[in-house]
There are 2 protein chains.
Amino acid sequence: MIDDGGSSAFSMRRLGAELGVDPSALYWHFRGREELFEAVAEILVDEIGAASLPWTAPWPELLTAYGVRLYEVLIRHPHAVIVFASRPVRSEFGVRAANHAVELMVADGFTAAQAVRAIQALRAYVVGCALDVSATAVTGLQPRRQSARPPADNLLAQGVLDAGEHFRPGLDAMIRGLSAVVARGTRGQPPA
Amino acid sequence: MIDDGGSSAFSMRRLGAELGVDPSALYWHFRGREELFEAVAEILVDEIGAASLPWTAPWPELLTAYGVRLYEVLIRHPHAVIVFASRPVRSEFGVRAANHAVELMVADGFTAAQAVRAIQALRAYVVGCALDVSATAVTGLQPRRQSARPPADNLLAQGVLDAGEHFRPGLDAMIRGLSAVVARGTRGQPPA
DNA sequence: ACCTGAACACCGTTCAAGT
DNA sequence: ACCTGAACACCGTTCAAGT
């Protein structure tokens, strides 16, 4: 249900079939496709919570762990990444986690607004990376474009081939960059 | 065509109608839906190139400009973001830009692999942010979830409301974090 | 409480046929 | 070269009806 069973595109009718049930039966459980997707997205974020996060650690460690866990969950369900990415998700767990992180960061010198934005940025990065992997996994086609061009002139080609290779370094860079914001006292960046 | 005309979901049939043409006529110009999407994605990246980038500037400035331009193009076409995000895009311009940035970064102390990964990470971040904005713009629904819960306990709520607020700070953080990689001599992170 | 069956208004894509 | 028309195998969703 989450993995899409491993085969082609989702459809209510196919889901019904896979469940051995008339498609229309689904509309007793969900108001429609969209509501079902929201349920899936919520399950995904709860899947992070299962293995609990290092709540007592300093914020860079907590945020890193959160990013890594979210990423792992998403690439474990490549077909669901797009579902997660294309709609705003609000879950009990996600809100708790975020609020706690904000508190830690504020205690470390961030303004609340800076902290919130930092977490959103981190989440956007994680989702972007997961989407990269999911795109090549779901579509099956490699990022190389089908045209027969020499690979030698394209430095990105071989780098893109191992999709997801860049996730961890990028995550570390972002966290490090966020630390820099607060490392040199409060910097008066206009909030607009 | 790129903006989806401002109304509801895309379909070949609707596109045909909007063009005053039988849907089947589209299949003379494109092999199918997927090929049309690729064409759209390619147009998007070319739209960045139009206003040319600061090629001669140091890499942090070049990458920042690239990120900002890409982001601007994407949020200008909210309905197309998902098209761009869910498939690997390879364009003449994108490859040129990336390769040049890699050269600059290598000259500054990065390994080629590090530079490539950095650029991919940056792209992922930009797409993730654009997707956030596009999600709220396209679905129309605010990220708050429809449940009537008090907003006071949710620090993220008001932050999320102004979607895209976090893009620029996050971008700067990421670039700064990347600079740190090279600022203290070559760090021997295992490439696996 | 949960599912079926038929129906409605849609889809993407093909292929022969027109001009 | 470019488009039409009809056809095929699909969709999501509804609603009355069954158990």
Side-chain angles (χ1 to χ4, degrees), chain A residues 1-44 77-89 131 134-142 145-147, chain B residues 1-44 77-89 131 134-142 145-147:
Chain A
M1 188 167 175
I2 287 180
D3 304 355
D4 188 24
S7 65
S8 49
F10 173 84
S11 93
M12 290 285 142
R13 288 181 120 105
R14 241 193 288 267
L15 176 57
E18 206 142 329
L19 263 45
V21 121
D22 193 277
S24 57
L26 300 172
Y27 290 82
W28 194 91
H29 301 273
F30 302 92
R31 224 197 302 265
R33 217 172 102 100
E34 199 55 31
E35 195 175 289
L36 189 148
F37 282 169
E38 284 180 25
V40 168
E42 215 140 320
I43 287 174
L44 285 193
H77 307 292
H79 294 272
V81 172
I82 193 63
V83 168
F84 183 88
S86 46
R87 91 204 55 247
V89 183
L131 213 46
S134 142
T136 78
V138 168
T139 68
L141 40 84
Q142 291 290 4
R145 287 297 260 115
Q146 62 276 27
S147 73
Chain B
M1 189 168 176
I2 286 182
D3 304 356
D4 187 25
S7 64
S8 49
F10 172 85
S11 93
M12 289 285 144
R13 288 182 121 104
R14 242 194 290 266
L15 177 58
E18 207 141 329
L19 263 47
V21 123
D22 193 277
S24 57
L26 300 172
Y27 290 82
W28 193 90
H29 301 272
F30 302 93
R31 223 195 304 265
R33 216 173 102 100
E34 199 55 32
E35 195 173 289
L36 189 148
F37 283 168
E38 283 179 26
V40 169
E42 216 140 319
I43 287 174
L44 285 193
H77 307 291
H79 294 271
V81 173
I82 193 62
V83 168
F84 182 87
S86 46
R87 92 203 57 247
V89 183
L131 213 45
S134 142
T136 79
V138 168
T139 68
L141 40 82
Q142 291 291 2
R145 285 300 260 117
Q146 63 276 26
S147 73

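Order of the sequence lines sets the chain letters (A, B, ...), proteins ahead of strands, with each chain counted from 1. Model, not experiment: these values are computed from the prediction.
Close to C:dA1, at under 4.0 Å from its OP1 or OP2, lies no side-chain N or O of A:His29.
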What N/O pairs connect the protein and nucleotides 5-8 of chain D at under 3.5 Å? Give each pair on its own line.
residue	atom	partner	partner atom	Å
D:dG5	O6	B:Ser24	OG	2.9

Distances for protein N/O vs nucleotides 16-19 of chain C N/O pairs under 3.5 angstrom?
none

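Of the candidates D:dC11, C:dG12, C:dT13, D:dC11 carries the atom nearest the A:Arg14 side chain, counting heavy atoms from C-beta on. For B:Tyr27, the side-chain atoms get nearest to C:dG12 when compared with the rest of C:dG12, D:dG12, C:dC3. Residue B:Arg33 places its side chain closer to C:dG12 than to any other of C:dG12, D:dG12, D:dC3. If you check D:dT13, C:dT13, C:dG12 against the side chain of B:Pro23, the one that comes closest is C:dT13. Comparing C:dC2, D:dT13, D:dT4 by their closest approach to the side chain of B:Val21 singles out D:dT4. Checked against C:dC3, D:dT13, C:dT13, the side chain of A:Met12 finds its nearest nucleotide in D:dT13.
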Verdict with supporting geometry, B:Phe10 and B:Arg14, side-chain contact (heavy atoms from CB on, under 4.5 Å): CA-CA 7 Å; B:Phe10 172 85; B:Arg14 242 194 290 266; over 6 Å; no
Could you go through the side-chain contact (heavy atoms from CB on, under 4.5 Å) check for B:Leu15 and B:Leu36 one step at a time? CA-CA 11 Å; B:Leu15 177 58; B:Leu36 189 148; 3.8 Å; yes
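The nearest pair of heavy atoms linking B:Glu38 to B:Arg87 is CG-CD, 4.1 Å. Closest approach of A:Gly16 to A:Leu26, counting heavy atoms only: N-CD1, 4.1 Å. Listed here is the closest heavy atom pair of B:Ser134 and B:Pro78: OG-O, 3.1 Å.
B:Glu42 contributes atom CD, which lies 15.0 Å from atom CZ of B:Phe37 (distance to the nearest 0.5 angstrom). In this structure, the separation between CZ on A:Phe84 and CG on B:Leu131 is 11.0 Å, given to the nearest 0.5 Å.
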With both pairing distances under 3.5 angstrom for Watson-Crick or G-U wobble, and | for a partner in another strand, the correct string for DNA chain C is ||.|||||...|||||.||
